[in-house]
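Just the heavy atoms: all of them, side chains too, but no hydrogens, waters or symmetry mates, feed the values below. By convention in this document, chain letters (A, B, ...) are assigned in the order of the sequence lines, proteins followed by strands, and residues within each chain are numbered from 1.
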Protein chains: 2
Amino acid sequence: MNSSADMFLTPSDPTDTGTQQIRDAIRDAIVERRLAPGTKLSESDVGGLFNVSRTLARAALQALAYEGLVNVERNRGAFVAYPSPEEARQIFAARRLVEPGILKSAAERITAVQLKQLGQLLVEEGRLMGERGQSARRAEIKASGDFHLMLASISGNLIMQRFMEELVARSSLVIALYGQSSASSCGHSEHAGIIAALERKDVNTACDLMLHHIEHIEADLDLRERKGFDLRQAFER
Amino acid sequence: MNSSADMFLTPSDPTDTGTQQIRDAIRDAIVERRLAPGTKLSESDVGGLFNVSRTLARAALQALAYEGLVNVERNRGAFVAYPSPEEARQIFAARRLVEPGILKSAAERITAVQLKQLGQLLVEEGRLMGERGQSARRAEIKASGDFHLMLASISGNLIMQRFMEELVARSSLVIALYGQSSASSCGHSEHAGIIAALERKDVNTACDLMLHHIEHIEADLDLRERKGFDLRQAFER
DNA sequence: TTGCGCCATATTGCATACAATAATATGCAT
DNA sequence: ATGCATATTATTGTATGCAATATGGCGCAA
């Protein structure tokens, strides 16, 4: 009855309104990898967990499906997305395609204050790398994504920002599934390099570094097609 | 009771299942400009029109909201999106950012058959340009967008394809609102130029042409900020 | 034991009912 | 008439109920 999802989700504040909070909570859980790919998210479970009816739970799950974080199979329910290797490749191809452009845009508009904020993000990232434990690891995952999201935000284009939010979230799923080294610890120094290039207004180098950075993340993935591994998403844990 | 939307929407085939058909029908209506920006889409009206309950109508409207074609205001309802000049700028900035990359990707993978199909799309576009009447105009709008969507499809990246679908659809809204010349008739020849460049595998020229093409569409817009024109979306027609 | 078919159960799909909110109309005082 | 308070109506927000589908268990035959 109660799926394994129960213990990983945090009920929302009762003063909340609507599906937004539920959606955000589940997204966070997925992005921070507290919910494994393939996990079933039943409407009753989600609704019960947040003390709302199935109606709202359903709406939240469908919204997450639009973001590509959840698969909704007709008459079967919603599952945390289980991106195929091909999907994984496309996600990173998309990032290679858009992130240099976003970075260029951001470089044109970035202020001193924002540069400083980026630096702070970096410091925080480094601090988390030093810490131990699940919770620090999760925070590190989030911080690493936030770096890219902040650049998108600085670019000033809300549409690209939302798109990047989708891509970063889905990347997290991909890394959870196919990542080899525990964390892309090299990512931190690469972020630093990008900031440095931004500081000296060297846009081209910044873009190059960004491309390399994405390629490095990708290189850490083992995207070999595992035969029959896809069927019902590895037994629909 | 019956909003002005009624006469512009086509009820779906009764054999349909789910919200998908409703969503597609409304999206088509918006993209083909049979539904003006700002038009209210009440849940009962939409449901009644498609012979489904408000539940499904609501789901369809929320899906459209996620695509940026509809604004849902809490306790007030759903309206065909009315993009602000700033939004319009961002939509086209996003297109300038991604379309060259998509085109490059497409150029690497395009087959002779696909090149031929692109050519056919172009012929059809030209034919429609010659015809008169609302219906031809709508078909022309759609065909013009299909050119860009087909390139995205050829690129082989489903994620970028979906993103482009969103961008093209939203562009249609922007042109409906801010376009000056009746149609970007020059667009046709620009599409032709891009295909020609693709044929001779001249990717760089193709990308340049694409950028210029997007800039030309943008140049036809009058994005001057009209003071107080935004308030409740010009009286929420 | 293995394989198949049937029944019980759980879960989703969808519609409806009720509650909450906003929009509109009415009436009264000025 | 105008402005404001109040009542009425329309529309959305959310929960619940029933039907349809899928899942899992049980028995029976081989």
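- For residues 59-69 of chain A, the pairs satisfying salt bridge (charged side-chain N to carboxylate O under 4.0 Å, His left out) are A:Arg23-A:Glu67, A:Arg27-A:Glu67, with sequence neighbours left out.
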Worked check of side-chain contact (heavy atoms from CB on, under 4.5 Å) between B:His148 and B:Arg95: CA-CA 10 Å; B:His148 295 261; B:Arg95 292 189 62 165; 3.2 Å; yes
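- In this structure, A:Leu56 atom CG and C:dA19 atom P are separated by 17 Å, rounded to whole Å.
- One finds the OG1 atom of A:Thr39 at 11.5 Å from the CD1 atom of A:Ile26 (value rounded to the nearest 0.5 Å).
- One atom, CD of A:Gln21, and another, P of D:dG13, lie 15 Å apart when rounded to the nearest Å.
- No salt bridge links A:Arg162 with A:Glu165; every basic N to acidic carboxylate O contact stays at or beyond 4.0 Å.
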Interface polar pairs with nucleotides 16-19 of chain D, N/O, under 3.5 angstrom:
unit_1	atom_1	unit_2	atom_2	d
D:dT16	O4	A:Thr55	OG1	3.3

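- Distance CG (B:Asn75) to P (D:dT12): 10 Å, rounded to an integer number of Å.
- One atom, CG of B:Asp45, and another, C1' of D:dT12, lie 13 Å apart when rounded to the nearest Å.
- Taking atom CD of A:Glu43 as the reference point, atom P of D:dT21 lies 16 Å away to the nearest angstrom.
- Close to C:dT12, at under 4.0 Å from its OP1 or OP2, lies a side-chain N or O of A:Lys40.
- Residue B:Arg58 has no polar side-chain atom (N or O) positioned under 4.0 Å from OP1 or OP2 of C:dT16.
- Atom CZ of A:Arg74 and atom P of D:dT21 are 9 Å apart (whole Å).
- Residue A:Gln20 contributes atom CD, which lies 15 Å from atom C1' of D:dG13 at whole-angstrom precision.
- B:Ala143 pairs by the side-chain contact (heavy atoms from CB on, under 4.5 Å) definition with B:Glu125, B:Leu128, not counting sequence neighbours.
- A:Lys40 has no carboxylate O lying under 4.0 Å from a charged side-chain N of A:Asp45, or vice versa, which leaves the two without a salt bridge.
- Per the geometry, CG belonging to A:Asn51 stands 10 Å off P belonging to D:dA15, to the nearest Å.
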